[in-house]
Amino acid sequence: MAQQDSALHFRAFLDELLAVGDAVAIDTPVDPHLEVGAVTRRAYETRAPAPLFTSLTGSAPGFRILGAPAGLSSEDKGVHGRLAAHLGLPRESAPRAIVEKLVAAMHARPVEPTVVTEAPCKQNIRTGDAVDLEEFPVPLLHQEDGGRYFGTYGFHVVRSPEGDWTSWSVARTMLHDRNTLVGPAMPQQHIGMVHAMWRERGEPTPWAMVLGAPPAALAAAGMPLPAHVNEDGYVGALTGHPVEVVRTETNGLYVPADAEIVLEGYLSQDETAPEGPMGEYHGYAFAESKQQPVFHVEAVTYRDDPVLPVCAAGLPPEENHTIWGTMISAAALDVLRAAQLPIDMAWCSYEAATCWIVLSVDLARLAERRTTEAELVRDIAEVLFASHAGWLVPKVVLVGNDIDITDIDQVVWALATRHHPTTGSYPFPEAPGIPMVPYLTSGEARAARGGKSVVSCLQPEQFHGSHRGTTASFHTSYPRALRERVLANWAAYGYR
Ligand SMILES: Cc1cc2nc3c(=O)[nH]c(=O)nc-3n(C[C@H](O)[C@H](O)[C@H](O)COP(=O)(O)O)c2cc1C
Ligand SMILES: [Mn+2]
């Protein structure tokens, strides 16, 4: 029960983190100008508890920031504990259990949200001229950033003109002025698709952004579910409870009632402004800003003492890896399974900054398939690179399921010892893909094509049900009785 609370209520999530020591309240004044970002980055990089900044320089009392909401934790707190808490799972859950829960919810009946009229997110309401985004402690997260980011861990809400598709999606938004934001709305992402529908009608896109949402809703908004699937119904299926939503003040959209901050307004048809640069998920900041759509804010509503959650993107692990990477893993696994491919697990290794996905090949099913490496690679690429999830990740690494693909040490070992550089590399220069991948040429980025590949770490014998050599290790090179004796005697040998 407590676990479901964390998935459905941001404050319950925060209280859980504080209670288990996986968040710390920092009551000394901290400056939103770089200091919040620096502390948050260091927390990610040392797996320290999430920082809850309760006193922000230059900001009215009560306004708070939570950094690293889904950073990784130290071993004793459950490495994936914050991610698991987003999904209503026990803190000690392993990646496999997390991915399987996400996949199962894709096949469960959607649970539609329920509409409520009283909502925590309405405790404070500012509309029209009273809207001032500067009221909030909007942080400058890295010195290389082109501006201060309001939305790094919130999601857009848009709805198709017909009303049949509600899309929740995470994307960044930079403060432009006191009542506008600027940020990407790529045409291949669902916000871009819905935006195109409104533009076709010659109308602005009614829009809202939700910050401090139910954690399960944030996670689902960062998941590449197929087009026309409503993320709100998926969250209901995932948590077993309908999400409570409330009508916005101004534009007829519905947003989670249990949210810290809600921005309402519209996405203008064609107006753009410079956005970025920003330290990004792949670990780099590039020098230039880009023209991106402008979001007009006509109302702001927020809870008392609102908490702005913040992702300071960059080198892994941060939320683009722990949330986005995990959600992509589940969506990709589902697509591959549906195509009857012999894949039993998919995992975007956090260390690879969501630039590769490792697929675990079921070796028994592989042998039954009587296929060749080139055929298998073609079959996987055809399915994955045509999918919404597969669009996001450029590199695919195939590894036999004698290896645990969620263990990066084993994946590196497989790449080094099983991948043949001449015959095992399959480039896909025509495949469409996200243009943000750092190594793309400017031509590839413009065309949103290329830079994709499948890298096989399958051994030739594995296509025929055998393998090359046996593994030499504690677990594989000794009889079980001896291993048990060694473990039982471990302290007696003098080890602590
Ligand atoms: C912390 C975080 C930040 C993200 N930032 C962006 C972003 O700025 N632009 C973007 O297109 N996707 C971003 N994503 C990924 C999208 O949320 C993800 O691809 C999702 O599937 C988009 O929703 P859609 O599939 O409904 O279009 C981010 C994800 C997370 C978890
Ligand atoms: Mn979607």
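In listed order, ligands and their atoms are each counted from 1. For this chain, numbers begin at 1 and follow the sequence in order. Keep in mind it's a predicted model, so treat the numbers as computed, not measured.
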Exercise. Taking N or O atoms only and a 3.5 Å limit, does Arg172 qualify as a polar contact for ligand 1?
Worked result: yes

Exercise. Considering only heavy atoms of Pro224, which atoms of ligand 1 have at least one such atom less than 4.0 Å away?
Worked result: 21 (O), 25 (O)

Exercise. Is Arg47 salt-bridged to Glu75, going by a charged N under 4.0 Å from an acidic O?
Worked result: no

Problem set entry | Lys/Arg N to Asp/Glu carboxylate O, Glu135 vs Arg178, below 4.0 Å | no

For this session: Please state which part of Ala221 comes within less than 4.0 Å of ligand 1, counting heavy atoms only: side chain, backbone, both or neither.
Result: backbone

Exercise. Does an N or O from Gln189, backbone or side chain, lie closer than 3.5 Å to an N or O of ligand 1?
Worked result: yes

Problem set entry | N/O/S from His388 sitting under 2.8 Å away from the Mn ion (ligand 2) | no

For this session: Evaluate whether atom NZ of Lys101 has more than 12 neighbouring non-hydrogen atoms of other residues, nucleotides or ligands under 6.0 angstrom away.
Result: yes

Seminar exercise, completed: Heavy-atom proximity to atom 28 (C) of ligand 1 ranks first, among Val170, Thr152, Leu225, for Val170

Problem set entry | Selection from Gly154, Ala171, Ala219, Ala313 by shortest heavy-atom distance to atom 5 (N) of ligand 1 | Ala171

For this session: Could you list the atoms of ligand 1 found under 4.0 angstrom from a heavy atom of Glu319?
Result: 1 (C), 31 (C)

Exercise. How far is atom 3 (C) of ligand 1 from its nearest protein heavy atom, and which residue and atom name does that atom have?
Worked result: Asn320 OD1, 3.1 Å

Exercise. Do Trp168 and Phe155 have ring centroids that are under 6.0 Å from one another?
Worked result: yes

For this session: Check for a donor-acceptor pair, side chain of Tyr44 on one end and backbone N or O of Ala312 on the other, with a separation under 3.5 Å.
Result: yes

Exercise. Hey, is Glu100 close enough to Arg337 for a salt bridge, meaning N to O under 4.0 Å?
Worked result: yes

Problem set entry | Greater than 12 external heavy atoms within 6.0 Å of Gln143's CD | no

For this session: Go through Trp165 and His190 one step at a time and tell me if the ring-ring contact (aromatic ring centres under 6.0 Å, His included) criterion holds.
Result: CA-CA 10 Å; Trp165 180 18; His190 296 163; 5.1 Å; yes

For this session: Go through ligand 1 atom by atom and flag the ones less than 4.0 Å from a non-hydrogen atom of Glu231.
Result: 26 (O)

Problem set entry | Atom name in Glu231, limited to N/O/S, at shortest distance from the Mn ion (ligand 2) | OE2

Exercise. Can you list the atoms of ligand 1 that are under 4.0 Å from a heavy atom of His388?
Worked result: 24 (P), 25 (O), 27 (O)

Problem set entry | For atom 23 (O) of ligand 1, the protein heavy atom that lies nearest, with its residue and separation | Ser169 CB, 3.2 Å

For this session: Measure from the ring center of Phe136 to the ring center of Tyr302 and say whether it is less than 6.0 Å.
Result: yes

For this session: Measure from the ring center of Tyr281 to the ring center of His321 and say whether it is less than 6.0 Å.
Result: no

For this session: Would you kindly specify which portion of Glu318 sits under 4.0 Å from ligand 1, judged on non-hydrogen atoms: side chain, backbone, both or neither?
Result: neither

Exercise. What about Cys311: any of its N or O atoms under 3.5 Å from an N or O on ligand 1?
Worked result: no

Exercise. Is any N or O atom of His190, backbone or side chain, closer than 3.5 Å to an N or O atom of ligand 1?
Worked result: yes

For this session: Could you check if a side-chain atom of Ile98 sits within less than 4.5 angstrom of a side-chain atom of Leu83, using non-hydrogen atoms only?
Result: yes

Problem set entry | Proximal ligand 1 atoms for Met186, defined as those under 4.0 Å from one of its heavy atoms | 11 (O)

